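Read through the structure below, which is laid out as structure tokens, and then see the notes.
First the proteins, then the strands, lettered A, B, ... as listed; each starts at 1. In this text, all values refer to a predicted model and were calculated from it rather than measured experimentally.
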Protein chains: 2
Amino acid sequence: MFTDATGLSTSRFLPLGGKAGAKPAGVPASPLDGASLPGAPMRAGRDAEIIAQGARAEYCYRIVAGCVRTVKLLEDGRRQVGAFLFAGDLFGWDAGGEHAFAAEAVTDVTLRRFKISDVEERAATDHTFATRLRRYLIAQIGVARNHLVLLGRKTAAERIASFLTEMTDRLDSRPGSGIDLPMSRADIADYLGLTVETVCRGLTELRRHGTVTVDRTRIVIRDRAALGQSTGVRLH
Amino acid sequence: MFTDATGLSTSRFLPLGGKAGAKPAGVPASPLDGASLPGAPMRAGRDAEIIAQGARAEYCYRIVAGCVRTVKLLEDGRRQVGAFLFAGDLFGWDAGGEHAFAAEAVTDVTLRRFKISDVEERAATDHTFATRLRRYLIAQIGVARNHLVLLGRKTAAERIASFLTEMTDRLDSRPGSGIDLPMSRADIADYLGLTVETVCRGLTELRRHGTVTVDRTRIVIRDRAALGQSTGVRLH
DNA sequence: CGTGGGGTTGAATTGTGTCAATCAACGTGG
DNA sequence: CCACGTTGATTGACACAATTCAACCCCACG
């Protein structure tokens with residue numbers, strides 16, 4: 001399931017030692033960056049389970065490259081995807097208890113693994129690190145709360161528009177050039193609290209209106225304004 | 001809207017100076033407890049807006065007594081309640097930017113207000129405090145993620161059963177004695193991503209099956225096992 | 001060149017929302 | 001102290017958005 005990649009050069013993605021080297025483009029600032037702890041380099045193949053649901057929380061991870069989903073599975077098969085995570089993101093951060101969500105590789109993934117106790121120790125001795133970590137956690141709370149609004153109050157069409165906007169913001173390096181969605185329609189559906197069919201219909205509807213171009217995984221936003229409108233806007 | 005309660009003795013609820021005094025029953029452990037920062041005592045009346053949606057994040061709050069809801073309002077009137085908060089809980093914790101959610105008093109509320117910059121400073125000099133704060137934030141992430149599953153994948157009946165279970169766990173000091181829900185049906189509906197009518201129907205259904213007794217705000221769980229079953233259980 | 005898994009589309013079904021009426025509780029002022 | 005208006009809760013009838021069930025397509029892969 002896991003490939004320990006000790007022998008593999010990951011320096012392409014992030015400085016190993018943690019001192020020199022500019023951060024490569026596309027990798028956002030995050031705690032547990034180069035300068036922090038060493039972290040064990042790892043790889044996980046497509047659909048590999050990185051964290052099992054219910055497992056004791058001992059390790060957390062930072063993504064170097066690739067995409068990860070967090071997943072909660074109900075006994076009758078219903079599934080909720082909690083988040084999609086990309087390079088720079090942390091996960092497995094359920095300090096103390098069990099992992100409430102599983103974490104699975106959406107694509108082949110390069111990771112760094114950290115013992116949670118090591119991270120806590122580091123936080124206890126390095127204020128700057130602790131502050132960055134705290135900021136990151138607070139941001140995560142904001143992201144989750146925002147998603148609550150989507151799941152609780154938005155229509156199918158609005159959810160899909162919001163999703164495309166979110167993914168474009170996170171993945172589209174050169175605005176307008178389009179993105180390749182790494183995840184399946186089923187993943188998207190379970191992230192948005194919909195069915196695969198509804199996601200499809202929503203996408204074809206947007207295509208029909210000329211708002212986006214869709215070809216399997218390839219998405220290009222044609223009319224950003226229209227997409228924004230479909231999002232189900234903010235503030236009273 | 002606010003009543004500055006400087007002249008008011010809140011020592012009934014929590015030690016002011018922050019050294020002596022046992023924690024009163026019903027107030028769970030949390031950071032920003034007595035021993036931390038002073039914090040300005042405040043009061044807010046029923047339905048008062050404590051934090052405005054979109055306001056610059058400058059202060060955060062700990063609840064001493066009463067109930068608070070966090071709310072996001074969409075321009076067409078749709079509303080999502082992010083969380084219900086009780087004694088010991090913190091809110092307003094959107095460090096750095098704006099408050100994405102408003103915070104409103106569900107009941108009359110006694111609070112302590114803290115400057116976020118003061119809290120950050122304290123965290124930078126007191127590892128123990130920083131750790132407790134971090135643990136609390138992580139727990140909040142867990143709570144939010146759990147709610148994602150409810151909103152994304154549970155049926156109306158399951159949401160209502162989950163809600164009653166949650167509230168009983170948090171409010172019922174003497175198990176089986178029942179609770180008084182401080183919030184309206186509309187609040188419950190907006191928390192669960194439903195309408196008032198659906199919440200009502202769900203409650204009467206549970207009543208009809210003898211699972212709970214409902215009389216306006218008063219709720220008594222009669223058959224905890226049956227309620228647990230209706231919850232839409234965990235783990236695959 | 002079959003085979004199978006994801007994706008898309010169509011038709012039927014249903015859970016939940018919408019609209020509307022009634023009821024109960026409460027505060028207010030005559 | 002009671003009539004009244006107001007607000008929240010409950011119930012019913014109906015509508016509709018999204019799910020379910022089903023068929024089909026397309027491409028990747030053995």
Side-chain angles (χ1 to χ4, degrees), chain A residues 45-47 69 74 76-81 104 106-108 150-164 180-209 212-219 230 232, chain B residues 45-47 67 69 74 76-81 104 106-107 150-164 180-209 212-219 230 232:
Chain A
R46 197 167 198 282
D47 288 323
R69 62 176 175 259
L74 275 62
D76 61 357
R78 282 178 290 179
R79 201 178 74 135
Q80 177 67 40
V81 170
E104 300 166 356
V106 173
T107 62
D108 287 355
L150 181 145
L151 292 174
R153 286 299 177 217
K154 291 194 181 176
T155 65
E158 288 169 347
R159 293 180 202 201
I160 293 161
S162 300
F163 173 75
L164 292 181
D180 263 305
L181 292 180
M183 69 291 286
S184 70
R185 296 288 189 270
D187 285 341
I188 299 173
D190 288 338
Y191 178 59
L192 300 178
L194 301 170
T195 59
V196 197
E197 294 92 329
T198 318
V199 171
C200 267
R201 286 187 244 273
L203 287 175
T204 46
E205 197 56 27
L206 285 171
R207 180 151 38 84
R208 203 169 281 145
H209 285 295
V212 301
T213 311
V214 185
D215 180 55
R216 284 198 145 271
T217 69
R218 186 92 201 146
I219 306 280
S230 318
Chain B
R46 198 171 196 278
D47 288 324
C67 175
R69 62 176 175 259
L74 276 62
D76 61 358
R78 281 177 290 180
R79 202 178 73 135
Q80 177 68 38
V81 169
E104 300 165 355
V106 173
T107 62
L150 181 145
L151 292 174
R153 286 299 176 217
K154 292 193 180 177
T155 66
E158 288 169 346
R159 294 180 202 201
I160 292 161
S162 301
F163 173 74
L164 293 181
D180 262 306
L181 292 181
M183 70 291 285
S184 69
R185 296 288 188 270
D187 285 341
I188 299 173
D190 288 339
Y191 179 59
L192 300 179
L194 301 170
T195 59
V196 197
E197 294 91 331
T198 312
V199 171
C200 268
R201 286 187 244 273
L203 287 174
T204 45
E205 196 57 27
L206 285 171
R207 180 152 38 85
R208 203 169 280 145
H209 286 293
V212 301
T213 312
V214 186
D215 180 55
R216 286 198 141 271
T217 69
R218 186 90 202 145
I219 306 279
S230 318

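- Contact detail for B:I188 and B:M183: the closest heavy-atom pair is CG1-CG, 3.7 Å.
- Residues meeting the side-chain contact (heavy atoms from CB on, under 4.5 Å) test with A:D180, sequence neighbours left out: A:T217, A:R218.
- Rounded to whole Å, atom C1' of C:dG6 lies 14 Å from atom CG of A:D190.
- If you take CG of B:L181 and P of D:dG8, they are 16 Å apart, rounded to a whole angstrom.
- Applying the side-chain contact (heavy atoms from CB on, under 4.5 Å) criterion to A:R207, with sequence neighbours excluded, gives A:T204, A:V214.
- For the salt bridge (Lys or Arg N to Asp or Glu O under 4.0 Å) test, residues two or more places apart in sequence or in another chain that qualify with A:R69 are A:D47, A:E104, A:D187.
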Polar atoms only, N or O, under 3.5 Å: list the protein pairs with nucleotides 24-30 of chain D and their distances.
none

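- Direction of the helix axis in the helix from C:dC1-D:dG30 to C:dG30-D:dC1 shifts by 30° between the two five-pair termini, rounded to 10°.
- In this structure, CZ of B:R208 is placed 10 Å from C1' of D:dT11, rounded to the nearest angstrom.
- When the P atom of D:dA18 is taken as reference, atom CG of A:L203 falls 14 Å away, rounded to whole Å.
- Residues in residues 194-205 of chain B take part in these salt bridge (charged side-chain N to carboxylate O under 4.0 Å, His left out) pairs, two or more places apart or across chains: B:E205-B:R208.
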Take nucleotides 11-19 of chain C nucleotide by nucleotide from the 5' end and write B, S or -, depending on whether a protein heavy atom sits under 4.0 Å from the base, only from the sugar-phosphate, or from neither. B----SSBB
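- With sequence neighbours left out, A:D108 forms a salt bridge (Lys or Arg N to Asp or Glu O under 4.0 Å) with no residue at all.
- The side chain to side chain donor-acceptor pair (under 3.5 Å) test applied to B:S184 returns no partner, not counting sequence neighbours.
- When the P atom of C:dG27 is taken as reference, atom CZ of B:R46 falls 11 Å away, rounded to whole Å.
- B:T155 is linked by a side-chain contact (heavy atoms from CB on, under 4.5 Å) to A:R78, B:A157, B:E158, counting only residues two or more places apart in sequence or in another chain.
- Taking atom CD1 of A:I160 as the reference point, atom P of D:dA18 lies 9 Å away to the nearest angstrom.
- By the side-chain contact (heavy atoms from CB on, under 4.5 Å) test, A:A189 is found to be paired with A:V199, residues two or more places apart in sequence or in another chain being considered.
- Between A:F163 and A:L181, the closest side-chain pair of non-hydrogen atoms falls below 4.5 Å.
- Distance, A:R78 CZ to D:dT19 P: 13 Å, rounded to whole Å.
- Following rounding to the nearest Å, A:E205 (CD) and D:dA17 (C1') show an atom-to-atom distance of 13 Å.
- Partners of A:T198 under the side chain to side chain donor-acceptor pair (under 3.5 Å) rule, at least two apart in sequence or in another chain, are A:T195.
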